[in-house]
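Notes follow once the structure below has been shown.
These values consider heavy atoms only, across backbone and side chains, with no hydrogens, waters or symmetry-generated copies.
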Amino acid sequence: MQLATWNVNSLNVRLPHLLQWLAENPVDVICIQETKLTNDKFPVAAIEAAGYAVEFSGQKTYNGVAILSRLPMTDIVRNNPLFPDEQQRILAATIDGIRVVCAYVPNGQAVDSDKYRYKLGWMAAFRDWLAAELARNPQLAVLGDYNVAPEDRDVHDPAAWEGEVHVSPRERQALGALLDVGLADAYRLFDQPEKAYSWWDYRMLRFQKNQGLRIDHILLSSPLAARCTGCTIDRVPRKWKQPSDHTPVIATLG
DNA sequence: ATGGCCTCGACCCGAGGA
């Protein structure tokens with residue numbers, strides 16, 4: 001079984017990319033973020049024609065998450081019941097006995113800004129809810145754009161980024177608190193190439209220079225981590241025309 | 001040269017992303 005995550009940065013623009021990627025990478029489940037679509041505009045027919053059931057939670061212009069699955073989805077939850085939020089950033093479904101959570105963690109904009117405080121509060125509430133989800137189902141997979149690079153090796157230039165949003169100590173602690181619930185970063189369960197990133201700024205030829213951040217993650221509870229046989233980042237779609245600035249991450253479960 | 005891009009919405013710039 002393969003689970004993937006991809007921040008598509010507008011599904012309206014990226015639907016052809018998503019369909020092409022799924023044709024070449026027929027994963028069982030993909031969590032997507034930043035759909036930027038209201039639910040009435042969601043391209044259900046095109047995705048079902050590609051062989052996927054789909055659930056989504058969207059809003060106008062910003063945010064929006066969706067889960068595509070080859071197998072049926074049950075027990076759909078939108079947003080965190082512990083954190084009332086207008087912004088559509090969380091979607092959960094149970095698939096083949098696995099609780100799959102799709103998350104788009106707030107950006108944070110700048111350290112100590114209002115958006116940064118919202119990010120930290122959001123992540124603390126997310127932690128509490130994930131702890132409850134894990135208690136309900138020990139098979140938990142949390143996939144998404146966390147907007148936090150866990151360690152300096154996940155940052156192309158740690159000195160330049162020191163203390164900045166996405167790497168600041170409080171954000172890393174908040175991500176660590178998610179792991180402490182009983183989750184593992186699937187990517188780090190395996191030997192990986194150095195300078196591996198999942199996002200590159202559109203500006204300054206950052207992708208061509210491989211100057212990015214690893215901020216898109218797949219977190220697995222212990223029973224799923226034990227089943228995980230690989231985790232990779234697929235840089236290929238970042239090279240396509242009019243790409244998302246993020247690229248997919250894929251975990252394989254045996 | 002301290003910026004550079006992309007998307008959206010509303011109306012050609014501003015907000016937000018990371």
Report yes if a side-chain nitrogen or oxygen of [X] is closer than 4.0 Å to either non-bridging phosphate oxygen (OP1 or OP2) of [N]; otherwise report no.
{"X": "A:Q242", "N": "B:dC5", "answer": "no"}
{"X": "A:N107", "N": "B:dA18", "answer": "yes"}
{"X": "A:Y104", "N": "B:dA18", "answer": "yes"}
{"X": "A:N63", "N": "B:dG16", "answer": "no"}
{"X": "A:N147", "N": "B:dA18", "answer": "yes"}
{"X": "A:S10", "N": "B:dC8", "answer": "yes"}

- Query: A:V13: which other cluster members, linking ILVMFWY side chains closer than 4.5 Å, directly or transitively?
  - Reply: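 Answer for A:V13: none, a lone residue.
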
- Item | Residues clustering with A:W200 (ILVMFWY side chains joined when closer than 4.5 Å, directly or via others) |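 The other cluster members (ILVMFWY side chains, heavy atoms under 4.5 Å, direct or chained) are A:Y197, A:F207.
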
- Message: Is a donor from one side chain sitting under 3.5 angstrom from an acceptor on the other, for A:D40 and A:T38?
- Response: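 A donor-acceptor contact under 3.5 Å links the two side chains.
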
Between [X] ([atom1]) and [N] ([atom2]), how many Å, whole number?
{"X": "A:L11", "N": "B:dT7", "atom1": "CG", "atom2": "C1'", "answer": "13 Å"}
{"X": "A:D245", "N": "B:dC5", "atom1": "CG", "atom2": "P", "answer": "14 Å"}
{"X": "A:H246", "N": "B:dC6", "atom1": "NE2", "atom2": "P", "answer": "14 Å"}
{"X": "A:E171", "N": "B:dA18", "atom1": "CD", "atom2": "C1'", "answer": "10 Å"}
{"X": "A:Y118", "N": "B:dG17", "atom1": "OH", "atom2": "P", "answer": "10 Å"}
{"X": "A:K36", "N": "B:dC8", "atom1": "NZ", "atom2": "C1'", "answer": "7 Å"}
{"X": "A:N9", "N": "B:dT7", "atom1": "CG", "atom2": "P", "answer": "6 Å"}
{"X": "A:Q59", "N": "B:dG17", "atom1": "CD", "atom2": "P", "answer": "11 Å"}

- In residues 195-205 of chain A, what residues come within less than 4.0 Å of DNA chain B, judged by heavy atoms?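 Of all residues in residues 195-205 of chain A, the ones placing a heavy atom under 4.0 Å from DNA chain B are A:W199, A:Y202, A:R203, A:M204.
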
Rounded to whole angstrom, note down the [atom1] distance from [N] over to [M].
{"N": "B:dG14", "M": "B:dA1", "atom1": "P", "answer": "26 Å"}
{"N": "B:dT2", "M": "B:dC13", "atom1": "P", "answer": "22 Å"}
{"N": "B:dA10", "M": "B:dG16", "atom1": "C1'", "answer": "15 Å"}
{"N": "B:dC8", "M": "B:dG3", "atom1": "P", "answer": "26 Å"}
{"N": "B:dC12", "M": "B:dC6", "atom1": "C1'", "answer": "16 Å"}

Go through the structure and list residues passing side chain to side chain contact (heavy atoms under 4.5 Å, CB included) with [X], not counting sequence neighbours.
{"X": "A:A174", "answer": "A:L120, A:M123"}
{"X": "A:L82", "answer": "A:N80, A:D128, A:W129"}
{"X": "A:R153", "answer": "A:E151, A:R188"}

Can you check nucleotides 10-13 of chain B for protein contacts, nitrogen or oxygen pairs under 3.5 Å, and list what you find?
none

- Just call it for A:E34: base, sugar-phosphate, or nothing, with non-hydrogen atoms closer than 4.0 Å on any strand.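 The residue A:E34 makes sugar-phosphate contact but no base contact.
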
- Which of parallel (below 30°), tilted (30 to 60°) and perpendicular (above 60°) describes A:Y146 and A:H217?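 It falls in the tilted class, 30° to 60°.
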
- Task: Determine the interplanar angle of the A:F83 and A:W122 rings, folded into 0 to 90°, and report it as parallel if under 30°, tilted if 30 to 60°, perpendicular if over 60°.
- Result: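 Geometry flag for A:W122 against A:F83: perpendicular rings.
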
- Measure from the side chain of A:R14, starting at C-beta and using heavy atoms only, and say which of B:dG16, B:dG9, B:dT7 lies closest.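 For A:R14, the side-chain atoms sit closest to B:dT7.
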
- Query: Pairs in or reaching into residues 59-77 of chain A: which pass salt bridge (charged side-chain N to carboxylate O under 4.0 Å, His left out), with residues at least two apart or in two chains?
  - Reply: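 The answer is none; no pair qualifies.
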
- Sorted by first residue and then second, give each ring pair (Phe, Tyr, Trp, His ring centres under 6.0 Å) pair with at least one member in residues 41-77 of chain A; sequence neighbours left out.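 Non-adjacent pairs meeting ring pair (Phe, Tyr, Trp, His ring centres under 6.0 Å): A:F42-A:F56.
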
- Message: Here's a test of your reading of the structure: between A:P106 and A:V13, which maps to the more 5' nucleotide of DNA chain B?
- Response: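 Closest to the 5' end, via its nearest nucleotide, is A:V13.
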
- Message: For the CG atom on A:D191, are there more than 12 heavy atoms of other groups (residues, nucleotides or ligands in this structure) within a distance under 6.0 Å?
- Response: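 For A:D191, atom CG is not crowded (no more than 12 foreign heavy atoms under 6.0 Å).
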
